[in-house]
Participant: 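Below: one structure in C-alpha coordinates.
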Amino acid sequence: MEIKSSENASFQKVYEQVFPVLMRVAYHVTYNMDVSEDIVQEAFIRFYEKNIDFKSLDEAKYWLIRVTKNLAINVVKRKSREKAMVDKIKKIPKTPVQNGEDVLLDSETKEMVRVAVEKLPEKLKSVLILKEYADLNYKQIGLVLKISESNVKVRIHRARKLMSSMIDRGEIHVSR
Amino acid sequence: MCLDDQILNTYLDDELVEPWKTQVIEHLKYCSACSTRYEQLKAVHTMVSTSRLKDEQVDASKDKIYAYLENRYLKKEKKIKFLHRDFRVKTSAVIGVAAAFVLMFVGALTLNSPTLNEENVIIPQVVDSQGQGAMQVRATENLAASQVLSNLSLEEILSYLDQKGYEVDLKLKSVTVLGDDTGK
(Lines give C-alpha, C1' and ligand atoms only; values in the text may rest on other atoms or scores of the structure.)
Protein backbone atom coordinates (compact mmCIF):
# COMPACT_ATOMS: atom_id res chain seq x y z
CA MET A 1 0.00 0.00 0.00
CA GLU A 2 1.46 3.30 -1.07
CA ILE A 3 1.89 5.95 1.60
CA LYS A 4 1.80 9.66 0.86
CA SER A 5 3.12 11.35 3.96
CA SER A 6 1.15 14.58 3.47
CA GLU A 7 -2.21 12.91 2.93
CA ASN A 8 -4.37 12.81 6.02
CA ALA A 9 -5.49 9.21 5.62
CA SER A 10 -1.95 7.92 5.11
CA PHE A 11 -0.61 10.06 7.91
CA GLN A 12 -3.22 8.83 10.38
CA LYS A 13 -2.59 5.21 9.46
CA VAL A 14 1.16 5.55 9.88
CA TYR A 15 0.78 7.53 13.10
CA GLU A 16 -1.49 4.90 14.61
CA GLN A 17 0.84 2.03 13.84
CA VAL A 18 4.27 3.57 14.22
CA PHE A 19 3.91 5.99 17.11
CA PRO A 20 4.51 3.43 19.93
CA VAL A 21 7.70 2.23 18.27
CA LEU A 22 9.01 5.76 17.79
CA MET A 23 8.18 6.73 21.34
CA ARG A 24 10.02 3.74 22.72
CA VAL A 25 13.04 4.33 20.49
CA ALA A 26 13.23 8.00 21.52
CA TYR A 27 12.65 7.21 25.17
CA HIS A 28 15.26 4.47 25.44
CA VAL A 29 17.86 6.68 23.82
CA THR A 30 17.15 9.78 25.92
CA TYR A 31 15.32 8.30 28.94
CA ASN A 32 13.26 11.44 29.23
CA MET A 33 9.55 11.56 28.42
CA ASP A 34 9.34 15.27 27.60
CA VAL A 35 12.34 15.16 25.32
CA SER A 36 11.03 11.98 23.68
CA GLU A 37 7.68 13.58 22.97
CA ASP A 38 9.39 16.55 21.34
CA ILE A 39 11.53 14.22 19.23
CA VAL A 40 8.64 12.07 18.03
CA GLN A 41 6.56 15.14 17.30
CA GLU A 42 9.41 16.60 15.28
CA ALA A 43 9.81 13.32 13.38
CA PHE A 44 6.13 13.32 12.39
CA ILE A 45 6.26 16.99 11.43
CA ARG A 46 9.18 16.25 9.12
CA PHE A 47 7.33 13.22 7.79
CA TYR A 48 4.30 15.34 6.97
CA GLU A 49 6.13 18.36 5.59
CA LYS A 50 8.55 16.38 3.42
CA ASN A 51 5.58 15.05 1.44
CA ILE A 52 7.30 11.79 0.57
CA ASP A 53 5.77 8.89 -1.34
CA PHE A 54 6.60 5.55 0.27
CA LYS A 55 6.02 2.26 -1.47
CA SER A 56 4.73 0.65 1.70
CA LEU A 57 3.88 1.33 5.31
CA ASP A 58 7.03 -0.51 6.34
CA GLU A 59 9.19 1.86 4.33
CA ALA A 60 7.51 4.83 5.99
CA LYS A 61 8.04 3.14 9.35
CA TYR A 62 11.76 2.56 8.72
CA TRP A 63 12.16 6.18 7.60
CA LEU A 64 10.46 7.47 10.73
CA ILE A 65 12.47 5.19 13.03
CA ARG A 66 15.70 6.33 11.39
CA VAL A 67 14.78 10.01 11.78
CA THR A 68 13.66 9.51 15.38
CA LYS A 69 16.78 7.57 16.31
CA ASN A 70 19.04 10.22 14.79
CA LEU A 71 17.16 13.06 16.45
CA ALA A 72 17.35 11.30 19.82
CA ILE A 73 21.06 10.56 19.51
CA ASN A 74 21.72 14.17 18.50
CA VAL A 75 19.81 15.38 21.53
CA VAL A 76 21.83 13.14 23.83
CA LYS A 77 25.09 14.29 22.24
CA ARG A 78 24.10 17.92 22.57
CA LYS A 79 22.93 17.47 26.11
CA SER A 80 26.12 15.66 27.00
CA ARG A 81 27.92 18.88 26.32
CA GLU A 82 25.62 20.71 28.67
CA LYS A 83 26.15 19.31 32.11
CA ALA A 84 23.10 20.87 33.62
CA MET A 85 20.87 19.36 30.99
CA VAL A 86 22.51 15.97 31.39
CA ASP A 87 21.27 15.85 34.93
CA LYS A 88 17.77 16.51 33.67
CA ILE A 89 17.95 13.73 31.10
CA LYS A 90 19.41 11.27 33.57
CA LYS A 91 16.59 11.74 36.00
CA ILE A 92 15.01 8.47 36.92
CA PRO A 93 12.04 8.07 34.60
CA LYS A 94 8.63 8.10 36.11
CA THR A 95 7.48 4.58 36.70
CA PRO A 96 4.02 3.60 35.60
CA VAL A 97 1.37 2.70 38.09
CA GLN A 98 2.36 -0.67 39.46
CA ASN A 99 0.06 -3.53 38.69
CA GLY A 100 0.35 -7.31 38.69
CA GLU A 101 2.48 -7.37 35.56
CA ASP A 102 5.00 -4.96 37.00
CA VAL A 103 5.75 -7.03 40.07
CA LEU A 104 8.54 -8.89 38.31
CA LEU A 105 10.34 -5.77 37.32
CA ASP A 106 10.64 -2.89 39.71
CA SER A 107 11.91 0.58 39.07
CA GLU A 108 15.32 -0.32 40.45
CA THR A 109 15.86 -2.89 37.72
CA LYS A 110 14.69 -0.42 35.08
CA GLU A 111 17.18 2.10 36.33
CA MET A 112 19.93 -0.49 36.10
CA VAL A 113 18.98 -1.30 32.55
CA ARG A 114 18.96 2.39 31.71
CA VAL A 115 22.46 2.85 33.12
CA ALA A 116 23.75 -0.16 31.20
CA VAL A 117 22.08 0.83 27.92
CA GLU A 118 23.42 4.37 28.21
CA LYS A 119 26.94 3.00 28.66
CA LEU A 120 26.81 1.14 25.38
CA PRO A 121 28.61 2.66 22.40
CA GLU A 122 26.22 4.40 20.01
CA LYS A 123 26.33 1.72 17.30
CA LEU A 124 25.58 -1.10 19.73
CA LYS A 125 22.98 0.94 21.58
CA SER A 126 21.04 1.70 18.37
CA VAL A 127 20.90 -1.95 17.37
CA LEU A 128 19.92 -3.16 20.83
CA ILE A 129 17.17 -0.55 21.19
CA LEU A 130 15.73 -1.39 17.79
CA LYS A 131 15.81 -5.08 18.68
CA GLU A 132 14.45 -4.92 22.22
CA TYR A 133 12.11 -1.92 22.07
CA ALA A 134 11.13 -1.49 18.43
CA ASP A 135 10.54 -5.22 17.96
CA LEU A 136 12.34 -5.32 14.63
CA ASN A 137 14.06 -8.40 13.27
CA TYR A 138 17.65 -8.40 12.01
CA LYS A 139 16.65 -7.70 8.43
CA GLN A 140 14.45 -4.75 9.41
CA ILE A 141 17.13 -3.32 11.69
CA GLY A 142 19.55 -3.55 8.78
CA LEU A 143 17.14 -1.60 6.58
CA VAL A 144 16.65 1.11 9.20
CA LEU A 145 20.34 1.54 9.95
CA LYS A 146 21.41 0.80 6.37
CA ILE A 147 23.82 -1.93 7.43
CA SER A 148 23.98 -5.60 6.50
CA GLU A 149 22.03 -8.27 8.33
CA SER A 150 25.22 -10.02 9.40
CA ASN A 151 26.48 -6.73 10.80
CA VAL A 152 23.28 -6.46 12.84
CA LYS A 153 23.87 -9.98 14.15
CA VAL A 154 27.39 -9.12 15.24
CA ARG A 155 26.32 -5.88 16.93
CA ILE A 156 23.48 -7.58 18.80
CA HIS A 157 25.96 -10.15 20.05
CA ARG A 158 28.46 -7.48 21.14
CA ALA A 159 25.79 -5.38 22.82
CA ARG A 160 24.50 -8.29 24.89
CA LYS A 161 28.02 -9.39 25.71
CA LEU A 162 28.81 -5.91 27.00
CA MET A 163 25.57 -5.84 28.99
CA SER A 164 26.42 -9.22 30.51
CA SER A 165 29.92 -8.10 31.45
CA MET A 166 28.50 -4.98 33.12
CA ILE A 167 26.21 -7.17 35.18
CA ASP A 168 29.09 -9.50 36.05
CA ARG A 169 31.26 -6.59 37.14
CA GLY A 170 28.43 -5.38 39.31
CA GLU A 171 27.94 -2.20 37.31
CA ILE A 172 24.30 -3.08 37.12
CA HIS A 173 22.39 -5.41 39.30
CA VAL A 174 19.45 -7.56 38.38
CA SER A 175 16.90 -7.63 41.14
CA ARG A 176 15.03 -10.90 41.42
CA MET B 1 31.93 -28.71 20.01
CA CYS B 2 30.13 -25.98 21.96
CA LEU B 3 28.14 -23.08 20.54
CA ASP B 4 29.41 -19.53 20.54
CA ASP B 5 27.42 -16.64 21.96
CA GLN B 6 26.62 -15.20 18.58
CA ILE B 7 24.84 -18.37 17.52
CA LEU B 8 23.04 -18.48 20.86
CA ASN B 9 21.91 -14.87 20.44
CA THR B 10 20.70 -15.59 16.93
CA TYR B 11 18.77 -18.57 18.25
CA LEU B 12 17.43 -16.48 21.13
CA ASP B 13 16.09 -13.89 18.66
CA ASP B 14 14.52 -16.67 16.58
CA GLU B 15 16.67 -15.71 13.61
CA LEU B 16 18.47 -19.02 13.27
CA VAL B 17 17.38 -21.04 10.26
CA GLU B 18 17.31 -24.77 9.76
CA PRO B 19 19.16 -27.08 10.03
CA TRP B 20 21.24 -25.12 12.55
CA LYS B 21 18.23 -24.32 14.67
CA THR B 22 17.50 -28.02 15.31
CA GLN B 23 21.17 -28.69 15.97
CA VAL B 24 21.28 -25.90 18.59
CA ILE B 25 18.14 -27.22 20.28
CA GLU B 26 19.66 -30.72 20.45
CA HIS B 27 22.97 -29.40 21.72
CA LEU B 28 21.37 -27.36 24.49
CA LYS B 29 19.59 -30.49 25.74
CA TYR B 30 22.82 -32.17 26.83
CA CYS B 31 25.41 -29.35 27.15
CA SER B 32 25.03 -27.68 30.52
CA ALA B 33 27.78 -25.11 29.78
CA CYS B 34 26.00 -23.85 26.68
CA SER B 35 22.63 -24.00 28.42
CA THR B 36 23.96 -21.84 31.24
CA ARG B 37 25.35 -19.27 28.82
CA TYR B 38 22.10 -19.34 26.88
CA GLU B 39 20.11 -18.72 30.06
CA GLN B 40 22.40 -15.79 30.93
CA LEU B 41 21.86 -14.22 27.52
CA LYS B 42 18.15 -14.84 27.82
CA ALA B 43 18.11 -13.18 31.25
CA VAL B 44 19.79 -10.05 29.85
CA HIS B 45 17.38 -10.01 26.92
CA THR B 46 14.36 -10.41 29.22
CA MET B 47 15.59 -7.78 31.61
CA VAL B 48 16.20 -5.24 28.86
CA SER B 49 13.07 -5.90 26.83
CA THR B 50 10.76 -5.87 29.84
CA SER B 51 12.15 -2.48 30.90
CA ARG B 52 10.40 -0.95 27.96
CA LEU B 53 8.15 2.05 28.20
CA LYS B 54 4.69 0.88 29.20
CA ASP B 55 1.71 1.08 26.88
CA GLU B 56 -0.10 3.49 29.22
CA GLN B 57 2.73 6.00 28.96
CA VAL B 58 2.93 5.59 25.20
CA ASP B 59 -0.82 6.09 24.78
CA ALA B 60 -0.86 9.26 26.86
CA SER B 61 1.85 10.82 24.71
CA LYS B 62 0.24 9.50 21.55
CA ASP B 63 -3.03 11.34 22.10
CA LYS B 64 -1.32 14.53 23.19
CA ILE B 65 1.00 14.73 20.19
CA TYR B 66 -1.74 13.74 17.76
CA ALA B 67 -3.93 16.55 19.04
CA TYR B 68 -1.13 19.00 18.37
CA LEU B 69 -0.40 17.67 14.89
CA GLU B 70 -4.07 17.58 14.02
CA ASN B 71 -4.58 21.21 14.95
CA ARG B 72 -1.43 22.42 13.32
CA TYR B 73 -1.43 20.32 10.15
CA LEU B 74 -4.25 17.90 9.50
CA LYS B 75 -7.19 20.25 10.04
CA LYS B 76 -5.52 23.19 8.36
CA GLU B 77 -4.50 20.99 5.52
CA LYS B 78 -8.14 20.47 4.59
CA LYS B 79 -8.83 24.19 4.47
CA ILE B 80 -5.61 25.26 2.89
CA LYS B 81 -5.48 22.45 0.43
CA PHE B 82 -8.28 23.84 -1.71
CA LEU B 83 -6.95 27.38 -1.62
CA HIS B 84 -3.46 26.15 -2.23
CA ARG B 85 -4.49 24.15 -5.26
CA ASP B 86 -6.66 26.97 -6.47
CA PHE B 87 -3.76 29.37 -6.14
CA ARG B 88 -1.45 27.05 -7.99
CA VAL B 89 -3.92 26.74 -10.84
CA LYS B 90 -4.33 30.48 -11.01
CA THR B 91 -0.60 31.00 -10.96
CA SER B 92 -0.04 28.64 -13.84
CA ALA B 93 -2.97 30.14 -15.71
CA VAL B 94 -1.60 33.63 -15.25
CA ILE B 95 1.81 32.52 -16.42
CA GLY B 96 0.21 30.81 -19.42
CA VAL B 97 -1.84 33.84 -20.37
CA ALA B 98 1.17 36.10 -19.96
CA ALA B 99 3.22 33.82 -22.17
CA ALA B 100 0.45 33.81 -24.77
CA PHE B 101 0.37 37.61 -24.78
CA VAL B 102 4.11 37.79 -25.22
CA LEU B 103 3.94 35.33 -28.09
CA MET B 104 1.11 37.21 -29.72
CA PHE B 105 2.97 40.50 -29.36
CA VAL B 106 6.19 39.14 -30.78
CA GLY B 107 4.28 37.32 -33.51
CA ALA B 108 2.42 40.47 -34.46
CA LEU B 109 5.68 42.39 -34.72
CA THR B 110 7.22 39.67 -36.84
CA LEU B 111 4.28 39.41 -39.19
CA ASN B 112 3.82 43.15 -39.49
CA SER B 113 7.46 43.97 -40.15
CA PRO B 114 7.29 43.29 -43.95
CA THR B 115 4.69 45.99 -44.44
CA LEU B 116 6.85 48.41 -42.50
CA ASN B 117 9.81 47.77 -44.73
CA GLU B 118 8.40 46.19 -47.81
CA GLU B 119 11.33 46.94 -50.05
CA ASN B 120 13.76 45.09 -47.83
CA VAL B 121 11.54 42.08 -47.79
CA ILE B 122 11.05 41.83 -51.49
CA ILE B 123 14.69 42.60 -52.10
CA PRO B 124 16.19 41.51 -48.77
CA GLN B 125 19.82 41.80 -49.68
CA VAL B 126 20.92 43.44 -52.84
CA VAL B 127 24.67 43.55 -53.15
CA ASP B 128 27.13 44.54 -55.76
CA SER B 129 28.87 41.20 -55.93
CA GLN B 130 31.19 42.01 -58.84
CA GLY B 131 31.87 45.59 -57.95
CA GLN B 132 30.88 46.50 -61.52
CA GLY B 133 27.41 47.75 -60.96
CA ALA B 134 25.82 44.32 -61.49
CA MET B 135 23.33 43.64 -58.72
CA GLN B 136 22.59 40.18 -57.38
CA VAL B 137 19.58 39.16 -55.31
CA ARG B 138 20.59 36.83 -52.48
CA ALA B 139 17.20 35.80 -51.34
CA THR B 140 18.37 32.45 -50.00
CA GLU B 141 20.04 34.13 -47.02
CA ASN B 142 16.72 35.33 -45.81
CA LEU B 143 14.12 32.61 -45.55
CA ALA B 144 11.19 34.94 -45.03
CA ALA B 145 12.20 37.04 -47.99
CA SER B 146 12.74 34.02 -50.21
CA GLN B 147 9.26 32.83 -49.37
CA VAL B 148 7.87 36.21 -50.35
CA LEU B 149 9.80 36.11 -53.57
CA SER B 150 8.65 32.60 -54.36
CA ASN B 151 5.07 33.74 -54.07
CA LEU B 152 5.53 36.35 -56.78
CA SER B 153 5.75 35.68 -60.47
CA LEU B 154 8.83 36.72 -62.39
CA GLU B 155 6.81 39.38 -64.21
CA GLU B 156 5.68 40.88 -60.95
CA ILE B 157 9.22 41.04 -59.58
CA LEU B 158 10.53 42.61 -62.76
CA SER B 159 7.68 45.08 -62.81
CA TYR B 160 8.34 46.02 -59.20
CA LEU B 161 12.08 46.45 -59.70
CA ASP B 162 11.51 48.46 -62.84
CA GLN B 163 9.14 50.70 -60.94
CA LYS B 164 11.83 51.24 -58.33
CA GLY B 165 14.37 52.16 -60.96
CA TYR B 166 16.54 49.02 -60.87
CA GLU B 167 18.16 47.72 -64.01
CA VAL B 168 17.73 43.98 -64.08
CA ASP B 169 19.80 41.56 -66.13
CA LEU B 170 18.35 38.05 -66.29
CA LYS B 171 20.42 35.09 -67.40
CA LEU B 172 19.40 31.49 -67.86
CA LYS B 173 21.82 28.84 -66.67
CA SER B 174 21.84 25.06 -67.21
CA VAL B 175 18.62 24.99 -69.12
CA THR B 176 18.20 22.11 -71.54
CA VAL B 177 15.49 21.77 -74.10
CA LEU B 178 12.99 19.06 -73.32
CA GLY B 179 12.90 16.19 -75.80
CA ASP B 180 16.26 17.14 -77.31
CA ASP B 181 18.24 13.87 -77.36
CA THR B 182 20.88 14.95 -79.80
CA GLY B 183 23.04 16.55 -77.11
CA LYS B 184 23.47 19.78 -79.08
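Chain naming here is simple, since letters A, B, ... match the order of the sequence lines and numbering starts at 1 in each. Predicted model only: the values in this text are computed from it and were never measured. Values below: every heavy atom of this structure, side chains too, minus hydrogens, waters and symmetry copies.
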Participant: Check B:Glu18 with B:Lys21, please: is the shortest side-chain N to carboxylate O separation under 4.0 Å?
Facilitator: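 No.
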Participant: Relative to chain A, which segment of B:Gln6 carries a heavy atom at a distance below 4.5 Å: side chain, backbone, both, or neither?
Facilitator: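 Contact with chain A: backbone and side chain both.
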Participant: Do B:Tyr160 and B:Tyr166 make the cut of ring centroids closer than 6.0 angstrom?
Facilitator: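 Aromatic pair excluded; centres sit 6.0 Å or further apart.
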Participant: Which one, A:Asp135, A:Val117, A:Val40, A:Ile156, leads in non-hydrogen pairs under 4.5 Å with chain B?
Facilitator: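 Of the options given, most contacts go to A:Asp135.
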Participant: Is A:Lys153 salt-bridged to A:Glu149, going by a charged N under 4.0 Å from an acidic O?
Facilitator: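 Result for this pair is no, no salt bridge flagged.
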Participant: Run the salt-bridge test on A:Glu16 and A:Lys13 with the 4.0 Å N-O cut-off and return the result as yes or no.
Facilitator: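 Salt bridge: no.
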Participant: Please classify the contact between A:Leu128 and chain B as side chain, backbone, both or neither, with a heavy-atom cut-off of under 4.5 Å.
Facilitator: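 Side chain only.
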Participant: Under 4.5 Å heavy-atom distance to chain A, tell me which part of B:Tyr68 shows up: side chain, backbone, both or neither.
Facilitator: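 Side chain only.
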Participant: Hey, can you tell me if A:Phe54 and A:Phe47 have their rings parallel, tilted or perpendicular (30° and 60° cut-offs)?
Facilitator: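 Correct class here is parallel.
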Participant: Quick check on B:Asp55 against chain A: is it the side chain, the backbone, both or neither that has a heavy atom closer than 4.5 Å?
Facilitator: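 When you check distances to chain A, atoms from both the backbone and side chain of B:Asp55 fall under 4.5 Å.
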Participant: Is B:Leu8 close to chain A through its backbone or its side chain, or both, or neither, when contacts mean heavy atoms under 4.5 Å?
Facilitator: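 Looking at B:Leu8, nothing touches chain A.
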Participant: If the plane angle is over 60° it's perpendicular, under 30° parallel, otherwise tilted; pick one for B:Tyr38 and B:Tyr11.
Facilitator: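 It falls in the tilted class, 30° to 60°.
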Participant: Mind ranking B:Asp4, B:Leu69, B:Asp13, B:Asp5 by heavy-atom pairs under 4.5 Å with chain A and telling me who comes out on top?
Facilitator: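 Going by pairs under 4.5 Å, I would pick B:Asp13.
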Participant: Of the listed residues (A:His28, A:Lys139, A:Gln12), which shares the most heavy-atom pairs with chain B below a 4.5 Å separation?
Facilitator: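 Of A:His28, A:Lys139, A:Gln12, A:His28 has the most heavy-atom pairs under 4.5 Å with chain B.
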Participant: Contact part of A:Lys161 toward chain B, heavy-atom cut-off under 4.5 Å: side chain, backbone, both or neither?
Facilitator: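 No part of A:Lys161 comes within 4.5 Å of chain B.
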Participant: Under 4.5 Å, counting heavy-atom pairs only, tell me which of A:Val154, A:Ile45, A:Asn137 racks up the most with chain B.
Facilitator: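 Of the options given, most contacts go to A:Ile45.
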Participant: Ring-plane angle category for A:Phe11 and A:Tyr15, please: parallel below 30°, perpendicular beyond 60°, tilted otherwise.
Facilitator: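 Geometry flag for A:Tyr15 against A:Phe11: parallel rings.
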